[in-house]
There are 2 protein chains.
Amino acid sequence: MARPTIADIATRAGVSKGAVSFALNGRPGVSDATRERILKIAEQMSWRPHSAARALGASRVDSVGMVIARPARTLGVEPFFAHLLSGVQSGLSAESISLQLLIVEDTAAEIEVYRRWASEHRVDGVILVDLTVKDPRVDALKTLELPAVMIGGRGGKGALPSVWADDRDAMLSIVEYLAALGHRRIAHVAGTPNFQHTQRRIRAVRDAAPRLGLVDAPSLTTDFSDAEGAAITRKLLSQSDRPTAIVYDSDVMAVAGLGVAMEMGVSVPGDLSIVAFDDSILTQLMHPALTALSRDTFDFGRQAAEVLLETIASPIPVINRRTADPVLTVRESTAPPA
Amino acid sequence: MARPTIADIATRAGVSKGAVSFALNGRPGVSDATRERILKIAEQMSWRPHSAARALGASRVDSVGMVIARPARTLGVEPFFAHLLSGVQSGLSAESISLQLLIVEDTAAEIEVYRRWASEHRVDGVILVDLTVKDPRVDALKTLELPAVMIGGRGGKGALPSVWADDRDAMLSIVEYLAALGHRRIAHVAGTPNFQHTQRRIRAVRDAAPRLGLVDAPSLTTDFSDAEGAAITRKLLSQSDRPTAIVYDSDVMAVAGLGVAMEMGVSVPGDLSIVAFDDSILTQLMHPALTALSRDTFDFGRQAAEVLLETIASPIPVINRRTADPVLTVRESTAPPA
DNA sequence: TGCAGGAGCTATACCGGTTTATCAACCCAG
DNA sequence: CTGGGTTGATAAACCGGTATAGCTCCTGCA
């Protein structure tokens, strides 16, 4: 027998289909003895539920979705997503829920995917990344009544469930570290301005500046690409009163910045200190190795998966979970100013 | 009405469920007039097929799977997978087939996933990557009768359908380029020895050596990690008759190797030429930028998707498709030997 | 005029599970 | 000894599609 069905098991056990279903799902309705017998037979026949049949009857598909709206070109280098992904999967695998992954060009396409997934019942819920300030996806998902979790977007009133890290505290720890080394001219090469975490980081720098006696602490936004990271760095280092330290919002931009400094003959960390707001092999491959803020991205993903599963099980209350605080890993790219 | 079913459409159109199914699937059995009317109503009610229901009836789930068995740590930095993935998706999206992605620790776990997918009918087929020499997955998939396509593994007799690039020619083009510059001592820092493409590249170097008059052309295998790449480089550069050029099997290892050279005071490309067998932003971020072999990974993935869909549609004949040849992009890390 | 054959539909079984209504057997209290 | 409640099980409906047997016309041809 190729693929046994519960009907086959029922026949073999001499009971009805219903009894088998009860037994296999651990719900009352059969005696312990019968349950035992059915389970053993199912095991012997190596039965597995037909996912589509179960989805049809129970109206849940045991599958969640994740859409990433970024050009593929920049995606690969960011270890962030690979770690996040494995984390999400480890959180899902416990319940043997599968993950649908999709990479699209923009947010409009992303919303379209959610719409399709909802109407075709392909997923039980979705995980959102790269939250923007007035994110249109939030309303779209509410309308679709598709359970969702936001990663990195701290939920206000009427928001979706979320999992977030304290970007503000993290940025403060970097700036305070640099200030303690003696830096007074610190520049911040930020990411896309409409991302929520970008905003939070910029605010953190601005708020801390007076307290730490910083002369100048500009935040300059980019599109997160190595090209813009390099361009901004070139501009910063060409100024007469150039910064003695630069904080980059991603490891890729920090690496690009380091390249520009070397090219311009600015020694790191002698003339310039560099800090990356995200850690990976990349930062360690460099010479000098970059001081970076390490986050437990894997755990981030795992928690997001957990929160999503809880939300699917019972939509209320809305869960907002804060993850472990990032820590600053000091390497060779930072030192007191000349 | 929340989510309309074909029964709703049937009622509204005053026809039977069967007629609606025929009309929506573009098969004969209804007149053009009726078909038109049904399609219009379906459109108005914004009907979408329930994926589980369709899967149950038609015994196909419109979904394919891909499992990557590599530690997540090294995954993220390799732009290879991100590009491959988007390529696969672009090939699938044309038929609106969805992709299930899973990252696991080892091949045993990977095979277990295939087994589960097959028995639960979760996917119509799978895409294999990182083919090894006597790959156990091939037999497993044949036993499971799960349609599959191998990426990068050139199929012999009785093999699975495949999509491959000519590693041999590619490697030859690199070695010939270096020989033409005047290099006679060329080292090859290869990847995992049991990968098929590693074997092919090693053989290419070995075969070309006498013809090009190379004094020494050792291939040294690694686990593809930056750490081993760096270690081997250190060893090579410490030799009395050290190589004047090194070819690395991945961009990450090449970057690590460049770091070691700088650290040891070996100037690139003055004292040492470096070539990476894989291109990405990484190689361009470096100083000097690395000469690298560029492959159209996106197209690779797209073709794999196409071949898989064809294979699912009709298992025979077995398709083996060769993709566009890689080209060598010369940058700053290669020059004639001193 | 009669009949074969096809076009156009309908009714219904089916896919493999879950869920509900129903029922028999049994236990216990009154 | 009887009525009510619980336990353990069954039969059947159901989820939303697809596939098929069969029915009713209509057309064409001998």
Side-chain angles (χ1 to χ4, degrees), chain A residues 1-39 41-42 45-63 96 116-124 313, chain B residues 1-39 41-42 45-63 96 116-122 124:
Chain A
M1 185 162 314
R3 315 206 191 273
T5 70
I6 56 167
D8 299 325
I9 298 177
T11 311
R12 189 122 144 215
V15 295
S16 68
K17 270 173 62 181
V20 175
S21 179
F22 290 146
L24 292 170
N25 290 295
R27 18 168 71 251
V30 285
S31 67
D32 286 350
T34 312
R35 179 187 308 276
E36 191 83 11
R37 191 159 47 89
I38 292 174
L39 287 178
I41 293 178
M45 303 177 80
S46 67
W47 172 89
R48 285 312 195 83
H50 190 301
S51 61
R54 176 165 280 177
L56 194 51
S59 61
R60 79 195 140 85
V61 288
D62 286 347
S63 171
S96 75
R116 212 186 67 222
W117 275 352
S119 58
E120 295 181 2
H121 295 77
R122 274 197 180 273
V123 297
D124 293 324
Chain B
M1 187 162 310
R3 314 203 190 275
T5 70
I6 57 167
D8 299 325
I9 298 176
T11 310
R12 190 123 142 213
V15 295
S16 70
K17 272 172 61 181
V20 175
S21 179
F22 288 146
L24 292 170
N25 290 295
R27 18 167 72 251
V30 285
S31 66
D32 286 351
T34 312
R35 181 187 308 277
E36 191 83 10
R37 191 158 48 91
I38 292 174
L39 286 179
I41 292 176
M45 303 177 81
S46 66
W47 172 88
R48 284 312 193 82
H50 188 301
S51 61
R54 175 166 280 177
L56 195 52
S59 62
R60 80 194 140 84
V61 288
D62 286 349
S63 172
S96 74
R116 211 185 69 222
W117 276 352
S119 58
E120 296 181 1
H121 295 79
R122 274 197 181 274
D124 294 323

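Protein chains get the first letters and strands the later ones, always in sequence-line order, with residue 1 at the start of each.
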Considering just the side-chain nitrogens and oxygens of B:R54, establish if one lies under 4.0 Å of OP1 or OP2 belonging to D:dT18. yes

Atom CG of A:L56 and atom P of D:dG17 are separated, to the nearest Å, by 9 Å

For A:D62, all residues meeting side-chain hydrogen bond (donor to acceptor under 3.5 Å, both in side chains), sequence neighbours excluded: A:R60

Quick one: which residue pairs count as a salt bridge (charged side-chain N to carboxylate O under 4.0 Å, His left out) with a foot in residues 10-23 of chain B, not counting sequence neighbours? none

Nearest whole angstrom, please: distance from the C1' of D:dA12 to the CD1 of A:I6. 13 Å

Kindly write out the residues that satisfy side-chain hydrogen bond (donor to acceptor under 3.5 Å, both in side chains) with B:S31, not counting sequence neighbours, or none if the list is empty. B:T34

Would you please name every residue forming a side chain to side chain contact (heavy atoms under 4.5 Å, CB included) with A:A313, sequence neighbours left out? none

Sequence-distant partners of B:R35, side-chain hydrogen bond (donor to acceptor under 3.5 Å, both in side chains), two or more places apart: none

What residues 12-19 of chain A contributes to the DNA chain D interface at heavy-atom separation below 4.0 Å is A:G14, A:V15, A:S16, A:A19

Taking side chain to side chain contact (heavy atoms under 4.5 Å, CB included) as the test, write out the residues that go with A:V20, two or more places apart. A:I6, A:I9, A:A10, A:V15, A:L24, A:I38

Given D:dA19, D:dG17, D:dG16, the nucleotide with the shortest approach to the side chain of B:R27: D:dA19

Between B:S119 (side chain only) and A:R48 (backbone N and O only), is there a donor and an acceptor less than 3.5 Å apart? no

Taken to the nearest whole Å, CH2/B:W47 to C1'/D:dT18 is 11 Å

Range on DNA chain C touched by chain A - first to last nucleotide, heavy-atom distance under 4.0 Å: C:dG16 to C:dT20

Does A:D8 reach the main-chain N or O of A:T5 with its side chain, forming a donor-acceptor pair under 3.5 Å? yes

From CZ of A:R122 across to C1' of D:dG17 the rounded distance in Å is 14 Å

One would report the end-axis bend of the helix from C:dT1-D:dA30 to C:dG30-D:dC1, five pairs per end and rounded to 10 degrees, as 60°

Note, B:R122 side chain near B:V61 side chain (heavy atom, < 4.5 Å): no

Test item: B:S46 side-chain N/O and B:A42 main-chain N/O as donor-acceptor pair under 3.5 Å: no

Does A:T34 place a side-chain N or O at less than 4.0 Å from the phosphate oxygens OP1/OP2 of D:dA9? yes

Using nucleotides 21-28 of chain D, report all nitrogen or oxygen pairs with the protein that are shorter than 3.5 Å.
none

